Amino acid sequence: MKDITKMSDDFDRWYTDVVRKAELADWSGVRGMMVVRPYGWAMWEAIQRAFDDMIKESGHENWAFPLLIPRELLVKEAEHIEGFGPEVAWVTKAGAAMEELEEPLAVRPTSETIIGHIIRRYIQSHRDLPKLTNQWNSVVRWEMRSRLFLRSREFWWQEGHTFHASAKEAIEEADLILGYYRSVAEDWLAVPVLVGKKSPAETFPGAVHTLTLEGLMRDGLALQMGTSHYFGQNFARAYDISFSNKDNERELCYSTSWGISTRMVGAIVMAHGDDSGLIVPPKVAPVQVVVVPIFRDDASRAKVEAFINQWSPQLKQHGIRFRVDWRDERPGDKYAHWELKGVPLRLNVGARDVDAAQVELVDRLSRERRALLVSGIATALTSELERFQKRLFERAQEYQRANTVELGTLDEVVSHFRSRGGFAWVEWCGDEAEEARLKADSGGVTIRTIDEHAKPSGKCFVCGQPAKYRVALAKAY
RNA sequence: CGGGGAGUAGCGCAGCCCGGUAGCGCACUUGACUGGGGGUCAAGUGGUCGCGGGUUCAAAUCCCGCCUCCCCGACCA
């Protein structure tokens, strides 16, 4: 409990310590396969609810598509299979005798191919469009190196797949979802993000363009927190997904796909945590308020318990997720325990407080203690939670601001990232060879996103020719 | 997937070189004292020594194969 590695000593160990000791997740014993424990899964459930509500509101429907994909289907879209080929796991045998299958089945690394193949049945007319599908599932990618939540061979996500009658509508769909993702990251997780387009080198295999959101973690590395892809007619062509348009002509659909994953939970850890453990944004916190009763004998325990019972039902009525920690531990242990778990607000309640009709409120960010009268406590805590959410976001914003710079040349970029992390904005001509050179020369700095709204007026940071794009650079997970 | 290290109680480790009763700290259980920031004392529980095979009278220890984990690199939501 006490022995989490200090963040400043070794960020990676700190991360692993926090994830495991705060009981978010664990390794399973099968290489790269993670166990998400209830406390971590509860955060994912909060994210799921938030995003699911958003997409339902705009007419999306949840489906369940198959786990296994025939090889012939997977390989139809050339770029797609080229991109995913190296990390696909195959089922080649079945039954007690392990008989060889006639056709190997891929365990889905993502479902564009199988959904494309299936959805074409349900699309005949422009009246069947748009078809807005989503599924909550897990996928398998045969990664060589794994980290809890950030890179495991199986991970949980949602994958949305939509089909439209026009390019414009599909492009708007990808934009709409990106906006939802931004809201999940900023409004729910309190992690400020850069949003924009990926460079060609980082674009999803088979996509026309990929939109991304990039958060900044406390070790200065960027984390891709979600992507939304516009496919044009690429997948519709490969899987023959067409419809009769208003002029009764056959036309290929325009499609999109988009996903956010349990990686989001890793982002919460790395964007907000400190040497004492997690700090969980109230909106996704499994426990928002923890009550630590303080007593020394049966009589004082009864007194404190009766007091807590007076006002705690109000918290429930106000929808506050709270817990009273009656475990037989000392208060100091409980404080440390709930700090490790990142619970935003703690109420210490002892006999003195009972007499004063108040509780002692301690928040996870400042750790300051102050008295809070129990009259109107639920309303007060609700606004404290809102304020906590806001403070956490502002703190992360300030961190992002303090770790974002503007640079002019490749030399500056290389030397800057030798000693620091964070984001660096530069202007770029768009040449892909230069993007590769950036990565090689700088030891892994990549273009995280392109600012779609900026109109560059300067020179490319690599070649000095007139720039076309303003791009954010960072080292990333 | 390359290079290095490791697997012995829930966690951290010693024992292995030189084969012969499986140990230590923390945690856990019970009790007493204690209780507003990580307690004290006492008595206890807990082990297919990662898995499979081999050598041997005898294997945690020696040999072979496999699995898993950690660190460093190349690839990645």
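Proteins get letters first, then strands, A, B, ... in listed order; numbering begins at 1 in each. Values reported hereafter were calculated over all heavy atoms of this structure, with side chains retained and with hydrogens, waters and symmetry mates removed. This is a predicted model, so every value here is computed, not measured.
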Measure the distance from CD on A:Glu305 to P on B:rG35 and round it to the nearest whole Å. 20 Å
What's A:Phe295 touching, base or sugar-phosphate or nothing? Going by heavy atoms closer than 4.0 Å. base
Whole-Å distance, A:Glu159 CD to B:rA77 C1', equals 11 Å
Name the nucleic acid region contacted by A:Thr227, choosing base, sugar-phosphate or nothing; use a 4.0 angstrom heavy-atom cut-off, strictly under. nothing
Can you measure A:Glu368 atom CD to B:rG36 atom P for me and round it to whole angstrom units? 21 Å
How is A:Pro86 classified with respect to the nucleic acid when contacts are heavy atoms under 4.0 Å: base, sugar-phosphate, or nothing? nothing
Looking across every strand, which nucleic acid part, if any, lies under 4.0 Å from A:Asp328 by heavy atom: base, sugar-phosphate, or nothing? base
Give the minimum heavy-atom separation between A:Leu211 and A:Asp175, together with the two atoms involved. CD1-OD1, 3.2 Å
Within this structure, what is the CZ-CG distance for the pair A:Phe51 and A:Asn134, rounded to the nearest 0.5 Å? 6.0 Å
A:Asp353/A:Lys303 under salt bridge (Lys or Arg N to Asp or Glu O under 4.0 Å): CA gap, chis, key distance, verdict: CA-CA 11 Å; A:Asp353 302 298; A:Lys303 180 174 171 179; over 6 Å; no
Taken to the nearest whole Å, NE2/A:His337 to C1'/B:rA27 is 14 Å
Could you report the tightest heavy-atom contact between A:Glu186 and A:Val193, atom names first, then the distance? OE2-N, 3.0 Å
Does NZ or CZ of A:Arg301 lie under 6.0 Å from the centre of the six-membered ring of A:Trp326, at an angle within 45° of the ring axis? yes
Among the nucleotides B:rC70, B:rA77, B:rG36, which one has an atom lying closest to any side-chain atom of A:Ile294? B:rG36
Whole-Å gap separating P (B:rC75) and CD (A:Glu202): 11 Å
B:rG19 -> Watson-Crick or G-U wobble partner, both distances under 3.5 Å, gives none
Indicate, with a heavy-atom threshold strictly under 4.0 Å, whether A:Gly350 touches base, sugar-phosphate, or nothing. base
Would you classify A:Asp12 as touching base, sugar-phosphate or nothing, given that sugar-phosphate means primed atoms plus P, OP1 and OP2, and contacts are heavy atoms under 4.0 Å? nothing
With the six-membered base ring of B:rG38 as reference, does the ring of A:Tyr335 sit under 5.5 Å away with planes under 30° apart? no
If only side-chain N and O atoms of A:Arg145 are considered, is one of them under 4.0 Å from the OP1 or OP2 phosphate oxygen of B:rC70? no
Looking only at heavy atoms, which two atoms of A:Gly116 and A:Tyr239 are closest? And how far apart? C-CB, 4.1 Å
Residue-phosphate contact under 4.0 Å: A:Arg330 side-chain N/O, B:rG39 OP1/OP2: yes
Quick one: label A:Arg367 by what it contacts on the DNA or RNA (base, sugar-phosphate, nothing), any heavy atom closer than 4.0 Å. nothing
Comparing nearest nucleotides in RNA chain B, the 5'-proximal residue of the pair A:Ala351, A:Arg20 is A:Ala351
Looking at A:Phe155, I'd like to know if the NZ or CZ of A:Arg263 sits under 6.0 Å from its six-membered ring centre while staying within 45 degrees of the ring's axis. no
Between the base of B:rG39 and the side chain of A:Asp333, is one N or O donor paired with an acceptor at under 3.5 angstrom? no
Given B:rC70, is OP1 or OP2 found less than 4.0 Å from the side-chain N or O atoms of A:Trp27? yes
With nearest nucleotides of RNA chain B determined for A:Glu329 and A:Lys439 from heavy-atom distances, which residue corresponds to the more 5′ nucleotide? A:Glu329
I need the minimum non-hydrogen distance between A:Ser300 and A:Phe295, along with the two atoms involved. OG-CB, 3.5 Å
Complementary nucleotide of B:rA14, counting Watson-Crick and G-U pairs under 3.5 Å: none
Identify whether any heavy atom of A:Gly32 sits under 4.0 Å from a base atom; if not, whether one sits that close to sugar-phosphate; answer base, sugar-phosphate or nothing. sugar-phosphate
How would you label the contact of A:Gln224 with the nucleic acid (heavy atoms, under 4.0 Å): base, sugar-phosphate, or nothing? sugar-phosphate
OP1 or OP2 of B:rC69 versus the side-chain N and O atoms of A:Arg31: is any pair under 4.0 Å? yes
Looking for any heavy atom pair under 4.0 Å, which part of the strands does A:Ser152 touch: base, sugar-phosphate only, or nothing? base
Separation of B:rU29 atom P from A:Arg327 atom CZ, nearest Å, is 11 Å
Tell me which nucleotide, if any, is Watson-Crick or G-U wobble paired with B:rU30 when both distances must be under 3.5 Å. B:rA42
Nearest-Å distance for atom pair CZ/P, residues A:Phe204 and B:rA77: 9 Å
Nearest-Å distance, CE (A:Met144) to C1' (B:rC70)? 18 Å
Please name the nucleotide paired to B:rC66 by Watson-Crick or G-U wobble geometry with both distances under 3.5 Å, or report none. B:rG50
Just to be sure I understand the rule, does A:Leu150 reach a base, reach only the sugar-phosphate, or reach nothing, if contact means heavy atoms closer than 4.0 Å? base
Counting only Watson-Crick pairs (N1-N3 plus N6-O4 or O6-N4) and G-U wobbles (N1-O2, O6-N3), all under 3.5 Å, who is the partner of B:rG35? none
Paired to B:rA74 by Watson-Crick or G-U wobble criteria (both distances under 3.5 Å) is none
